[in-house]
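Values in this document were obtained by computation on a predicted structure and should not be read as measured data.
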Amino acid sequence: MKICVLCGGWSSEREVSLRSGNGVYNALLNLGYEAYLVDMDRNFEKQIEPFDVIYIMLHGRPGEDGTIQSYLELKNKKYTGSGPFASFLGIDKVIFKHFLIQNNILTPKFLSFSKDFNLDELIDIILKSFNFPMVIKPRYEGSSVDVYILKDNKNLREILNLIIKKYNFGIVEEFISGREITIGILGTGKDAFALPIIEIKPIISEFYDYKAKYTKGGSEYIVPAEINENLTKKIQEISLKIHRLLNCRAFSRIDAILKDEEIYILEINTIPGMTETSLLPKSANAIGMTYEELVKFILKDSLAHST
């Protein structure tokens, strides 16, 4: 079995993807697999042709949004992680929020916008609909790239302009002040299970931004989070429900805010980071699963549930 660890690409999360890919590649070699590291380029069809299995470690588009998964399905190639549908729903923050609302799962109030909006009208709607602080971010990016927390309207126009010019689509979200938590899920369908909850306390940034995520010592992680047993169970059950309803495969990670006993779901990562500072390996380690065992689990579970 020749395994291609597909990483890199051209999204804003390229550097993180390369780090995740390197980690997985080295783990597969240590496990005795025939693995090859491939930095995806626009000629990816030729790059992946010789391989039996594609271990997808592409964060952002086109690796996490269902594009590469759709191509691999058409070519009847085996790959790791979720299929096109779950990937597409997971990366689109707006559609994912509508999915949460339809399933009676709490999420912060939001407003989506695009380049076609009249900026003055958009600002007027935002100021009438949201209190400060508020969150503004791109619709499709991950790793907290270009996420802004605005405490007043001083830079509102400038930030909206930046998101529109750079990404075309964005989202305004109610800021929920609470404990930042993340829940890793492993497995597929009825066999899926939740890992211990991690509480994140950023040290070098005001919130868990790109710098706090990927700088060693940038954040403090409490795993398992100090949350009472009943609430822990409730958070894990909601996260499992999301993973199963979206038909996620092998692994995912769900980010949330805990305010008192209210659980606000923010987003889902269908290809969570696998770097040395990433959260999924941390929560797997809390149940005694090594990084290499996690890499092997994702591979085996994906193959067992491939169509």
Side-chain angles (χ1 to χ4, degrees), residues 3-9 11-33 35-40 48 51 53-65 68-69 78-82 86-87 90-91 141-145 182-188 192-198 200 208 210 212-216 218-219 221 223 239 243 248-255 267-303:
I3 303 171
C4 160
V5 179
L6 193 61
C7 61
S11 83
S12 58
E13 297 176 76
R14 171 178 167 76
E15 293 308 315
V16 183
S17 173
L18 288 168
R19 283 165 62 182
S20 288
N22 266 293
V24 168
Y25 166 68
N26 287 314
L28 289 170
L29 291 182
N30 292 340
L31 289 160
Y33 288 100
Y36 300 84
L37 190 66
V38 174
D39 184 350
M40 182 187 185
I48 64 178
F51 301 102
V53 179
I54 313 301
Y55 204 121
I56 305 173
M57 272 295 118
L58 288 159
H59 306 312
R61 295 184 290 174
E64 204 172 353
D65 65 350
I68 192 73
Q69 291 83 358
K78 294 188 184 299
Y79 61 92
T80 58
S82 297
S87 304
I91 205 165
E141 297 300 302
S143 290
S144 299
V145 172
T182 194
I183 309 94
I185 307 288
L186 293 181
T188 304
F193 60 94
L195 292 167
I197 299 165
I198 298 180
I200 304 151
Y208 196 47
Y210 189 93
K213 278 181 182 177
Y214 299 112
T215 306
K216 276 193 174 178
S219 295
Y221 303 100
V223 51
S239 303
H243 180 91
C248 292
R249 190 171 64 170
F251 68 139
S252 73
R253 207 194 73 238
I254 289 154
D255 299 331
E267 47 195 81
I268 186 169
N269 303 271
T270 52
I271 305 180
M274 291 287 283
T275 75
E276 67 278 8
T277 59
S278 290
L279 298 164
L280 189 73
K282 278 185 173 65
S283 51
N285 188 250
I287 60 161
M289 187 183 271
T290 66
Y291 183 90
E292 286 174 2
E293 286 168 342
L294 174 61
V295 166
K296 188 175 181 178
F297 179 94
I298 292 164
L299 176 64
K300 293 281 193 187
D301 192 82
S302 296
L303 294 179

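For the pair E64/I56, no side-chain contact is recorded, criterion being any heavy-atom separation below 4.5 Å from C-beta on. Side-chain contact between H59 and N269 is absent, with no heavy-atom pair separated by less than 4.5 Å.
Taking all atoms of both residues into account, the shortest heavy-atom contact from V38 to C4 is CG2-SG, 3.6 Å. Pairing each heavy atom of Q69 with each of I271, the nearest pair is NE2-CD1, 4.0 Å. Pairing each heavy atom of A286 with each of V223, the nearest pair is CB-CG2, 3.6 Å. The nearest pair of heavy atoms linking I268 to C248 is CD1-SG, 3.9 Å. Nearest heavy-atom pair across F193 and I287 is CE1-CD1, 4.3 Å. Taking both residues in full, the closest heavy atoms of S239 and I254 are given as O-CD1, 3.2 Å, listed atom of the first, atom of the second, then distance.
Here the CG-CE distance, from N22 to M274, works out to 12.5 Å after rounding to the nearest 0.5 Å. Taking CG from L58 and SG from C7, the interatomic distance works out to 7.0 Å, rounded to the nearest 0.5 Å. Once rounded to the nearest 0.5 Å, the distance linking CG of L279 with CD1 of I197 reads 13.0 Å. Taken to the nearest 0.5 Å, the CZ atom of R249 stands 10.5 Å off from the NE2 atom of H243. With rounding to the nearest 0.5 angstrom, the OH atom of Y55 is 4.0 Å from the CD1 atom of I298. Distance check, rounded to the nearest 0.5 Å: CZ of F297 to OG of S302 gives 9.0 Å.
A distance-only check finds no donor-acceptor pair linking the side chain of R253 to the backbone of G184 [under 3.5 Å]. The backbone N or O of P281 sits nowhere less than 3.5 Å from a side-chain atom of N285 that would complete a donor-acceptor pair. In this structure, the side chain of S252 does not engage the main chain of T270 through any donor-acceptor pair within 3.5 Å. With hydrogens and angles disregarded, no donor-acceptor distance shorter than 3.5 Å links the side chain of S278 to the backbone of L280.
Exactly one residue among I48, V24, T80 makes a side-chain contact (heavy atoms from CB on, under 4.5 Å) with L6. That residue is I48.
Y36 and F51 have tilted rings, their planes meeting at an angle from 30° to 60° on a 0 to 90° scale.
Side-chain atoms of S17 and S20 form no donor-acceptor pair, as typed in the model, at a separation below 3.5 Å.
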query = Given I200 and Y221, is the side chain to side chain contact (heavy atoms under 4.5 Å, CB included) satisfied, shown in steps?
reply = CA-CA 5 Å; I200 304 151; Y221 303 100; 4.1 Å; yes
Stepwise side chain to side chain contact (heavy atoms under 4.5 Å, CB included) check, Y33 with L299 = CA-CA 11 Å; Y33 288 100; L299 176 64; 3.7 Å; yes
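Within a 6.0 Å radius of NZ in K296, other residues, nucleotides and ligands contribute 12 heavy atoms or fewer.
Not counting sequence neighbours, the partners of A284 by the side-chain contact (heavy atoms from CB on, under 4.5 Å) test are L195, M289, L294.
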